[in-house]
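Written below as structure tokens is the structure these notes are about.
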Amino acid sequence: MLEEISLENIGVITHARIPFAPGLTAITGETGAGKTMLLTGLDLLMGGKADAARVRTGTERAAAEGTFVLPAGSAVRERVEDAGGELDDDGALVVLRTVAAAGRSRAHLGGRTVPQTVLAEISGELVTVHGQADQLRLRSPRRQREALDSYLGPDHLALLGRYRDAWTERAAVLEEAARLVAERDDRAREAELLRLGLAEIERVDPRAGEDSELDALVERLSNVEEIRLRAAEAHAALVGDESGEDRPDAVALVDHARRALDHAGEHDAELAGLAARIAEAGYALAEVAAELSSHLAGLEADPAALERAHERRAELTTLTRSYGADAAEVLAWASRAGLRLLDLEGGDERIVVLGTRRDELDALLGELAETLGAARRRGAEDFAARVTAELDGLAMAGARLVVDVATTAPGPYGADDVTISLVPHAGAPASPLGRGASGGELSRVMLAVEVVLAASPGGETPSFVFDEIDAGIGGRAALEVGARLARLARDAQVVVVTHLAQVAAYADQHVVVTKSTAADGDVVTQSDVRTVTGDDRLAELARMLSGQDSAVARTHAAELLRAAVVG
């Protein structure tokens with residue numbers, strides 16, 4: 001149930017708090033007083049488009065806040081929690097929407113910021129709003145089919161959902177197959193280039209890190225004589241050379257220092273420890289000298305090896321120019337290219353697989369479409385009969401609804417065209433709603449359809465909001481509309497924005513929107529919203545009947561109220 005709406009700086013409304021009760025609530029007021037601003041606020045709460053023009057002039061932002069009470073076990077509770085929102089302890093859900101004068105809007109669901117689309121999805125299950133635009137939409141074949149499908153209940157809608165999923169998959173299959181066929185030549189060219197690249201890499205057979213090794217080898221072989229000279233010099237400095245000259249070397253000097261400390265260490269323990277460390281240094285120098293000697297033995301000029309290294313490096317350079325910065329990247333490219341080649345070579349096979357899947361989906365869609373069509377044809381007559389019964393109670397005696405289901409080519413919602421026609425009175429021909437029904441007739445047809453849908457198998461009874469559903473009607477028809485809204489309100493919360501006293505008289509709660517003007521009496525400055533009862537309500541009904549609060553009008557208004565209670 002919609003428990004309350006608070007509005008701030010929306011149009012002519014500076015601030016308004018409207019509590020809603022169960023049953024039927026009528027919202028009335030003079031033209032231009034701001035009744036539509038209430039619906040604007042509700043539309044914002046339901047995820048409607050934010051319009052900065054609706055922000056009251058001179059203010060920075062507008063806000064609409066609604067409180068909904070959700071019953072235990074409601075599917076909406078779970079969806080709110082999935083969106084990150086929370087309900088109050090009493091099961092109330094608070095929805096907030098703000099619109100900045102600059103045009104930016106924010107949506108909050110149960111204390112959590114959510115996208116506008118999420119708000120629209122969830123709020124749409126809490127409130128069903130019908131206005132004059134909905135009357136026009138009822139003329140469209142799609143809306144008429146949706147009405148029949150809704151009437152047929154959740155099992156039918158689940159079957160329709162399966163059909164929709166299969167239809168969507170079929171479209172994707174066709175699109176993918178068409179793409180593969182159109183790109184067949186491009187895939188063949190790409191595959192050939194990949195094969196050439198892979199063949200070249202396979203011929204060269206690079207190893208990760210090989211290019212770095214070759215660089216080091218070329219550097220060493222290109223400078224072997226200088227390397228020998230420096231290494232021999234270092235070796236001589238460590239252990240001396242064979243020149244016969246008496247020159248001190250590092251190993252001999254270190255050994256001399258060790259022997260000197262060995263003698264002193266007999267009398268000083270600390271020097272003995274230092275002698276041991278010097279001995280370790282001597283061993284290390286001797287090992288380095290031995291390794292230098294071994295390395296010198298292997299240092300020989302090898303022009304052939306140098307030439308081979310240059311050639312190998314040239315081969316790798318050819319690869320790295322095309323496939324990567326080094327050998328490792330070339331190998332990575334080859335790995336990716338192999339996978340891509342498998343994918344490209346499997347294109348024709350995938351076309352065959354997609355064709356098989358398309359045939360399977362065509363068969364499934366045919367079966368589902370036949371089942372959907374049979375259900376629609378079975379339900380059409382019953383749906384028409386129930387709506388016709390409602391029309392009889394809405395001062396349209398003799399009117400009859402006709403629902404035709406014609407088989408057509410398969411489409412996204414099955415293979416049926418649903419057409420709703422109206423026989424306005426006995427003996428008249430049936431005319432499609434899109435051509436033959438007046439605005440007043442459409443209003444009552446829409447109300448009758450909504451009542452029937454609310455009572456259908458699996459039909460839910462959220463809060464209904466009707467915006468001037470009484471447009472184009474009056475007299476007895478208006479009374480019947482008011483009575484039917486009151487009966488609908490026995491099972492669901494109903495809010496109606498109306499300009500007819502005959503409808504407002506049936507309300508359990510009557511809300512009036514009034515306007516106040518500036519001192520010069522020319523400019524509307526704000527609107528006030530208040531709930532009226534007793535004499536105040538009688539005065540409002542009198543104003544609606546005659547345009548002024550007169551004794552005669554009040555007498556008529558009192559009669560309306562008594563008749564509404566009796567009804």
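Given the structure is predicted, the values throughout are model-derived calculations rather than measurements.
You'll find the side chain of Met1 stays beyond 4.5 Å of the side chain of Phe20, heavy atoms only. Using a 4.5 Å heavy-atom threshold, the side chains of Leu148 and Val405 count as touching. Put simply, the side chain of Ile27 does not reach to within 4.5 Å of the side chain of Thr498, judged on heavy atoms.
Ion pair Asp362/Arg170 flagged as a salt bridge, since at least one NZ, NE, NH1 or NH2 atom sits closer than 4.0 Å to an Asp/Glu carboxylate oxygen. Classification of Glu390 and Arg386 as a salt-bridged pair fails, no side-chain N sitting under 4.0 Å from a carboxylate O. Electrostatic pairing of Asp165 and Arg162 does not count as a salt bridge here, judged by no charged N lying under 4.0 Å from a carboxylate O. Using a 4.0 Å cut-off between charged side-chain N and carboxylate O, Asp343 and Arg350 make a salt bridge. Residues Glu192 and Arg189 are not paired through a salt bridge, judged by the lack of any N-O separation under 4.0 Å between the basic side chain and the carboxylate.
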Glu3 vs Thr67, side-chain hydrogen bond (donor to acceptor under 3.5 Å, both in side chains): CA-CA, chis, key distance, verdict: CA-CA 5 Å; Glu3 187 176 68; Thr67 302; 5.0 Å; no
message: side-chain hydrogen bond (donor to acceptor under 3.5 Å, both in side chains) for His510 and Thr28? Distances and angles first, verdict last.
response: CA-CA 8 Å; His510 193 155; Thr28 65; 2.8 Å; yes
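Put simply, the side chain of Ser335 never gets that close to the backbone of Leu331: no donor and acceptor are under 3.5 Å apart. Of the possible polar contacts, one joining the Gln116 side chain to the Gly47 backbone as a donor-acceptor pair under 3.5 Å is found. The main-chain N or O of Leu401 is found under 3.5 Å from a side-chain atom of Thr388 such that the two form a donor-acceptor pair.
Here the rule is side chain to side chain contact (heavy atoms under 4.5 Å, CB included) with Asn9, and of Thr98, Thr57, Val99, Thr59 only Thr59 fits it.
Between Met46 atom CE and Leu119 atom CG the span is 9.0 Å, to the nearest 0.5 Å. Taking CH2 of Trp333 as the start and CG of Leu194 as the end, the distance is 5.5 Å to the nearest 0.5 Å. Distance check: Leu2 CG to Leu93 CG gives 11.0 Å after rounding to the nearest 0.5 Å.
No hydrogens or angles considered: nothing links the side chains of Ser6 and Glu65 as a donor-acceptor pair under 3.5 Å. Checking Arg484 against Tyr506 by side-chain atom types alone, no donor-acceptor pair falls below 3.5 Å.
No more than 12 heavy atoms of other residues, nucleotides or ligands shown are found within 6.0 angstrom of CD on Glu86. Environment of CD in Glu329: crowded, with over 12 heavy atoms of neighbouring residues, nucleotides or ligands closer than 6.0 Å.
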